[in-house]
Amino acid sequence: MPHIAVLLAAVSEDQGPGNTLRVVLLVSLVGAALLGWFLLRGYRNDDNND
């Protein structure tokens with residue numbers, strides 16, 4: 001995954017807090033989306049169990 005390498009490179013360079021905050025925000029948004037998807041999977045109707 002080249003995207004992870006780019007994010008880690010942006011964090012590791014001494015560029016101030018701006019890029020680090022962008023990376024943290026991006027990772028938190030992706031994590032929230034994945035968590036929401038995972039939790040909402042359980043509300044799907046399974047007609048086989050009824």
Side-chain angles (χ1 to χ4, degrees):
M1 291 195 163
H3 303 300
I4 295 174
V6 172
L7 290 176
L8 291 176
V11 172
S12 66
E13 293 179 11
D14 191 20
Q15 298 174 349
N19 286 332
T20 303
L21 290 177
R22 281 189 206 113
V23 170
V24 168
L25 181 63
L26 179 66
V27 169
S28 64
L29 288 175
V30 170
L34 287 174
L35 179 63
W37 171 78
F38 180 75
L39 291 176
L40 289 174
R41 274 189 344 154
Y43 292 110
R44 196 172 38 178
N45 289 334
D46 282 336
D47 292 331
N48 296 336
N49 293 335
D50 290 337

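Throughout, residue positions are numbered sequentially from 1 according to the sequence presented. Keep in mind the model is a prediction, meaning the values are calculated, not measured.
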Kindly compute the distance separating CG (Leu39) from CG (Leu34), expressed to the nearest 0.5 Å. 11.0 Å
Between CG of Leu40 and CG of Leu35, what distance do you get to the nearest 0.5 Å? 9.0 Å
Contact list for residues 21-36, test side-chain hydrogen bond (donor to acceptor under 3.5 Å, both in side chains), sequence neighbours left out: Asn19-Arg22
